[in-house]
Student: 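Submitted below is the structure of interest, expressed as structure tokens.
Numbering starts at 1 and runs along the sequence shown.
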Amino acid sequence: MCSGGGLFVAYTGTSPFCLLRLWDLIILMERLYWVRHRCLQLISTDRRRGWYSPPSSLPAKSSLDAQDPLVQRRVVMPSWTEHEEIKESQQSCTRNKVQTTKYTFLSFIPKNLFEQLHRFANVYFVFLGALNFVPIVNAFQPEISIIPIVFVMSITAVKDLWEDQRRRKSDQKVNNRLCEVYDRKQKQYVERRWAEVCVGDLVRLCCNEIIPADMVLLHSSDPNGVCHIETANLDGETNLKQRQVVRDLPQQGSEFVPENYSSHIECENPNNDLRRFRGFMDHPGKVRVGLHSENLLLRSCTVRNTETVIGIVVYAGHETKAMQNNSGPRYKRSKLERRLNMDVLWCVILLLLMCLIAAVGHGFWLSGRQNPIYMIPDDTHPALAAFYMFWTMIIVLQVLIPISLYVSIEIVKLGQIYFIQNDLDLYNPVLDTGVQCRALNITEDLGQIQYLFSDKTGTLTENRMLFRRCIVAGTEYPHHENAISLEQYEEQGCGDADHSLTLRSRTSRKSLSCKSLSCNRSSVSLNTLTAESDTHSVHDTLRRHTPGAGAFSSTMECAVVPDPQLQAGLNTLSSPMRSPVRQQAAEISHILDFFLALTVCNTVVVSSPTQPRHVQMPVVRTPLRSLEEMKAMFQKLSLPRFPSSPSQNTDTPPSLTKKLFTRGRSASYFPNNSPQTPITTLQSPTAHSGTPSNTPTTPVTPALSSGAWSEDVDNIQKTKDNSLLYEAESPDEAALVQAAKAYGCTLLGRSPEQVLVAVPGTGPLSIPLLHVLPFHSARKRMSVVVRHPLTGEVVVYTKGADNVIMELAEAAEDGFCREIMERTQRHLDQYARDGLRTLCVAKKVLEEQEYKAWLKRHEYAETSIENREELLLESAERLETNLTLLGATGIVDRLQEEVPESIEALQEAGIKVWVLTGDKQETAINIAFACKLLRPTDHILMANCDSKVTTLLKKLQVTKEGMSEDDGSDCVLVIDGRTLDYALQKELQGSFLELTCCCRSVICCRSTPLQKSQVVRLVRDKLKVMTLAIGDGANDVSMIQMADVGIGISGQEGMQAVMSSDFAISRFKFLRKLILVHGHWCYTRLANMILYFFYKNVMYVNLLFWYQFFCGFSGSTMTNSWVLIFFNLLFTSVPPIIYGMLDKDVSGETLLDLPDLYKSGQNSQAYLPSTFWMNILDAFYQSLVCFFIPYFAYAGSDIGVFSFGSPINGSALLIILLHQLIESRTVTWIHTALLLFSALFYYAFVLLFSLTCVTCNSPTNPLGIETKMMSEPLYFLVCGLTTVLALLPRILCRAFRSTICPSDLVRAQKMERLSAQDYSTSLRQWKENKAAQRLSSRHVPQNLSVNADMPHLTECIAEAGAVLS
């Protein structure tokens, strides 16, 4: 059997000639396949992405590669490689030069023109300008007709050029940065510009240097092969992240020699996923090691706390993940813009209708006259002349389409953004940030929001997690002293240094007077807590407070006052020689395992002031005296719950110690019998009395038995005396580590291979860290696999959502575990009712064979390229089974300030507020009561269904039939994540939405990020409403991007939400003014400005149209072409722009006092179809008055055409300017000055034109016309009378509406003119009337519970519970 091009051919006796033809066919097929594949690559990628194709001579790929022949991977080797195909590919690759500019010197004009001609309006006016160059249809001088489009496109081009120049300077600054790249010819690292770096280069970086390209980490000066990076430039997160050198590198642990590096990398093609990287590294010895995101250093990140790192570039330039995520400002089409486009189409239809009337009229006019003496003889048929006249009228009436409107809208929106970003009420002095407007074209959508979807944690709450209570082995420890200390702290002003605070400890019975501590943010990290020296007294902790050390909370808040009962249990470990409280060994085991899990089951990075941002892992040795004391203490304890020992009270200390740490389902593991983990047994040189001791040996890990232990312990103690900083990826982790530290389980350091922990009674312990299974939103938990420092067993510590951990621990068979779970569940329910965030902690002891079997499959998952994430998730779930519940924690997350007032105001404004959270129902309901989303009189509809979709549909229909939309003003729907899955199914969506429409609010609990985005999309698309989503974390990104308006909060969870948002704020309370004030202003201003543009264009164009009835529909105009072009382009364009930026129909204070006023924007009252057509009709009326009053005034006179047009133009200008003055709600000196400037500018121009221009308007001569007309009193009389009669109906109509049937906005305007006392009285009466109206329309329904597992509806009584302040 032979093969060619991947096709296998069996030789079965075919003739050589046929076989040769078949071979040629195979070769041809292979070439065609390569050409097809290459074309697909070029089509599907840009900037040469995907140009790497693995050569045939490389080692064989995994079986996953054969799944899809078109899957291409990138092969990277050092730039000096001798492999021809790889070398050619890498040389053809684009270098690291970054170019974000759109234009070059030669391409600017053609490319910018091409981009601008994508706008229909620009194409329309370019067509008209070109049409005017056709002699048969031109209306006036061709050069003049192109002035408007040239002017508008020139302004846009200048703006684009300015923005591009800014990008060019930024690119030059980045590309000219220097880094060290290895040069094989010079045998050393040389400095090169970033732009010269290419794929395959070996780059060396030092501490605090920015990474120039995406690199795989090959070497780190850290002995553990760790590099710390800060990703603030990439995703806004300032906490440090660890990156690990690729495993099994031949030079690992020694000085890295680039010449000796001969491995090659095979990885995925460039993509924009910041959290994923898949690939292999093949070492010379045929060893293949998996690559993942922990091995990748991303461009724009900063190296921290590592002296030197070396990496090989795999993605450069625009292929880096940072550049692929740099999409620039977001562009969305606002609701008002969509409405505008529709009205522009109506104007086009109106224009075509007017031109058709003129063309038909011209044809009839010509056919009714036979060679009149005043016309040049022409053989053109009247029908053809009518066709030509149609296009001539298109040119004459082109102003009907507002060419300057689009440019004016962009200018107005920029002005609105400027005022929003510079509003001091939206400025946060603590963070030194204001509002960020990332989407430049949807400011008016803020004034039309109907549904608001909000995250809870970090959005409504502080996301400053503070440990409050815990449950260990089913026993609840309330930490009353801890709660009292925080209450006293808050009563003293939360950090006012001028107040003193007196605390009393129940255990010490001593008082302490100390200064209150400030709540300053850390300059180091958003996720930082201060860990002081190892102490159990809150007084010592408070006394050693370091200002500015805490980011989530002040040190005062972070300091946990230990519970006396729980502390007493741990004291038996640290003080065994004293008379201990009699404790069950199983309970002590649970307590110690519980705090050990809190200490090690996290990704917290430890740092200190003396070693900023990172504490090096010292080599330590456990103080043997502490171990001997623990053994002596355990000899005094009985172990009734461990029936495995036949003589419980006569066990030797080592066996007792071993039993303490081996409670679980696995069999015993003896480390001294394992060849993988050699255990050194040491004897204490002396006993407590100073004489030699015969105490049995104790197993310890190698890390504990190396080095001079006395010196290392001194270093550890010195480190502990300094303030430690805990940097965590989430506030929960930092709070739990801080709580464990308060009980003496102090996290001292962390490396990829071990964790350094101080445990009560033992001193520093080095715990081997085997694996970290990070938190995943699907699993809702994280785990660590460690080798126990005292027993040598493999232990899995897991923490996560309480419902998930409880399900994983349900397999417990013994009654003791079931009893613990039942008691824990009862306490968890109470925690949720108290509004605490709950986490459960569990463990699992693995047998060695069980661990080896799992490790084999886990290593396969780690080294996989295809489906690596799915395989790792499956591997973690396989390990996290049959857990033993250790306990649970209750963490308080307080509401942000003014959240209840903000939500109440938003609801009064008619906005339906939905809360989408991952918390338990009880926790979410309690927070909802605290933030006034739920009121004591509200009735809760509970939807909890574990199965039976049809049953849920039936229950929803029953619930919906008993309610109406008006009846539901007092109903709130609470639905859990599992039920939400059913409700989002296609057959249930309609019933679910109908039910939610009958409810005032909806709370979705236990919802995933995917569910959040699905809910937003369902409401937005099905109900056709304006939606706004607000969140602060990466799990809110999909929801934020799905909504019409996305708002990110720059909180404690990084900046992913901000980077994906349209607007960014720092506190939820700022949303109130952003929506109710700025949103209302932006919408009403822009809507009125657009209507005004349509009005003035239609009004002026109609003047030209009426004149056609008196000139034989010949396309002539009664004004010169210069005034005709400049009238809408210059004379009347500036005032509406200022009007769109500065006009205020109601003051900001009144809008905040009366949220009901926001409903006008929700209902689009400022820009309804009826409003548009009323403005068009008013424009027709005013044009009739403006044309026919001068016509009748000068009837029978001998004035010329341009003389007749002079009073018409003057009257039209005054009418249009005064019309805006009538529509304005705010008249300042700026408005007055601009109106006067526009009028003076017009008259100055026409007078100068009349005095100097002789041939400017060939073939006519406008010389002296304006000066002559303005010298006659009749001119001013006509202008004055025309203006009054034209504006009188609008004035009367407005006065009638304001007096007889005033709207809420008009009533609010009248209230603002009252005195302060009268204003307060009117305001109070307004709110009482609105409350009475809402109350009269309510029908109070029964409390309902929708539960598919119950045969009938049951009454659900909502308990308000304890609320958070």
Side-chain angles (χ1 to χ4, degrees), residues 46 99-134 142-171 326-334 336-345 347-348 351 391 394-395 397-417 437-444 1086 1089-1090 1093-1094 1097 1124-1130 1132-1134 1136-1137 1140:
D46 61 349
Q99 183 176 345
T100 60
T101 58
K102 294 193 296 184
Y103 311 110
T104 63
F105 178 78
L106 296 178
S107 69
F108 172 72
I109 293 179
K111 191 172 183 179
N112 187 262
L113 282 174
F114 178 75
E115 289 180 351
Q116 291 200 53
L117 290 178
H118 277 73
R119 290 183 176 180
F120 172 76
N122 289 343
V123 175
Y124 167 77
F125 283 103
V126 168
F127 169 73
L128 292 185
L131 190 64
N132 199 51
F133 279 86
V134 178
E143 298 82 4
I144 299 177
S145 64
I146 64 172
I147 290 179
I149 186 61
V150 170
F151 177 78
V152 171
M153 296 183 69
S154 297
I155 293 178
T156 305
V158 170
K159 178 181 72 70
D160 293 341
L161 181 62
W162 177 72
E163 292 178 351
D164 205 60
Q165 190 62 25
R166 291 178 58 192
R167 289 192 290 263
R168 186 183 310 279
K169 291 181 180 179
S170 176
D171 291 344
N326 184 16
S327 58
R330 296 166 54 80
Y331 182 83
K332 290 183 179 180
R333 290 181 60 194
S334 67
L336 192 62
E337 184 179 349
R338 295 192 293 269
R339 178 66 199 172
L340 166 65
N341 292 337
M342 180 60 65
D343 289 338
V344 168
L345 290 179
C347 287
V348 172
L351 172 66
W391 296 106
I394 288 282
I395 298 173
L397 305 180
Q398 61 176 298
V399 187
L400 183 63
I401 309 300
I403 183 174
S404 58
L405 175 59
Y406 293 96
V407 177
S408 301
I409 288 176
E410 290 186 6
I411 296 173
V412 167
K413 288 184 177 181
L414 288 176
Q416 291 176 346
I417 289 172
C437 298
R438 299 175 53 81
L440 306 181
N441 54 333
I442 59 171
T443 54
E444 65 274 22
L1086 205 59
M1089 188 198 78
I1090 292 173
F1093 261 94
F1094 281 125
N1097 283 28
L1124 179 65
I1125 293 298
F1126 286 159
F1127 192 89
N1128 280 300
L1129 190 65
L1130 295 179
T1132 60
S1133 61
V1134 177
I1137 292 177

Student: Check whether any side-chain heavy atom of L405 sits under 4.5 Å from a side-chain heavy atom of L340, and report yes or no.
Tutor: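 Touching, per the 4.5 Å side-chain cut-off.
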Student: Below 4.5 Å, heavy atoms only, C-beta onward: do Q99 and R168 meet side chain to side chain?
Tutor: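 Q99 vs R168: side chains apart.
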Student: Can you tell if the side chain of V344 reaches within under 4.5 Å of the side chain of Y406, non-hydrogen atoms only?
Tutor: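 Yes; the side chains approach each other to less than 4.5 Å.
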Student: Just so I know, are the side chains of Q398 and Y124 near enough to count as touching, which here means a heavy-atom distance under 4.5 Å?
Tutor: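 Side-chain contact under 4.5 Å: yes.
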Student: Kindly list each side-chain donor-acceptor pair under 3.5 angstrom involving residues 103-111, sequence neighbours excluded, with atom names and distances?
Tutor:
{"unit_1": "Y103", "atom_1": "OH", "unit_2": "N112", "atom_2": "ND2", "d": "3.1"}
{"unit_1": "Y103", "atom_1": "OH", "unit_2": "E115", "atom_2": "OE1", "d": "2.7"}
{"unit_1": "T104", "atom_1": "OG1", "unit_2": "S107", "atom_2": "N", "d": "3.2"}
{"unit_1": "T104", "atom_1": "OG1", "unit_2": "S107", "atom_2": "OG", "d": "2.8"}
{"unit_1": "S107", "atom_1": "OG", "unit_2": "T104", "atom_2": "N", "d": "2.8"}
{"unit_1": "K111", "atom_1": "NZ", "unit_2": "K102", "atom_2": "O", "d": "2.8"}

Student: Sequence neighbours left out, what passes side chain to side chain donor-acceptor pair (under 3.5 Å) with Q165? Give chain and number order.
Tutor: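 Here no residue qualifies.
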Student: Going by the rule side chain to side chain donor-acceptor pair (under 3.5 Å), which residues pair with Q416 if we only count those two or more places apart in sequence or in a different chain?
Tutor: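 By the side chain to side chain donor-acceptor pair (under 3.5 Å) rule, Q416 matches T443.
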Student: When rounded to the nearest 0.5 angstrom, what distance separates CD1 in I149 from CD1 in I1125?
Tutor: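 If we round to the nearest 0.5 Å, I149:CD1 and I1125:CD1 are 11.5 Å apart.
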Student: When you look at M1089 and I409, which way does the side chain to side chain contact (heavy atoms under 4.5 Å, CB included) test go after all the steps?
Tutor: CA-CA 9 Å; M1089 188 198 78; I409 288 176; 3.8 Å; yes
Student: Can you tell me how far the CG atom of L414 sits from the CD1 atom of I1137, to the nearest 0.5 Å?
Tutor: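 It comes to 11.0 Å.
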Student: What residues form a side chain to side chain donor-acceptor pair (under 3.5 Å) with R166, not counting sequence neighbours?
Tutor: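 Per chain and number, R166 pairs via side chain to side chain donor-acceptor pair (under 3.5 Å) with no residue.
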Student: Can any side-chain N or O of S408 pair as donor or acceptor with the backbone N or O of P1136 at less than 3.5 Å?
Tutor: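 No, the answer is negative, given that no donor and acceptor are paired below the 3.5 Å cut-off.
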Student: Quick one: closest heavy-atom pair of I417 and C437, and the distance?
Tutor: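 The answer is CG2-CB, 3.6 Å.
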Student: Start with the C-alpha gap between N132 and L128, add the side-chain angles, then the distance that decides, and say whether side chain to side chain contact (heavy atoms under 4.5 Å, CB included) holds.
Tutor: CA-CA 6 Å; N132 199 51; L128 292 185; over 6 Å; no
Student: Looking only at atom types and distance, does a side-chain atom of N1097 sit under 3.5 Å from a main-chain N or O of V399, one as donor and one as acceptor?
Tutor: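 Pair found, side chain donor or acceptor close to backbone of V399.
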Student: Mind checking salt bridge (charged side-chain N to carboxylate O under 4.0 Å, His left out) for D343 and listing every partner two or more places apart, or none if nothing turns up?
Tutor: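 Counting only residues at least two positions away or on another chain, D343 forms a salt bridge (charged side-chain N to carboxylate O under 4.0 Å, His left out) with R339.
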Student: Which is it for I146 and F151 under the side chain to side chain contact (heavy atoms under 4.5 Å, CB included) test, yes or no, and what are the steps along the way?
Tutor: CA-CA 8 Å; I146 64 172; F151 177 78; over 6 Å; no
Student: Go through the structure and list residues passing salt bridge (charged side-chain N to carboxylate O under 4.0 Å, His left out) with D171, not counting sequence neighbours.
Tutor: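 With sequence neighbours excluded, D171 shows a salt bridge (charged side-chain N to carboxylate O under 4.0 Å, His left out) to no residue whatsoever.
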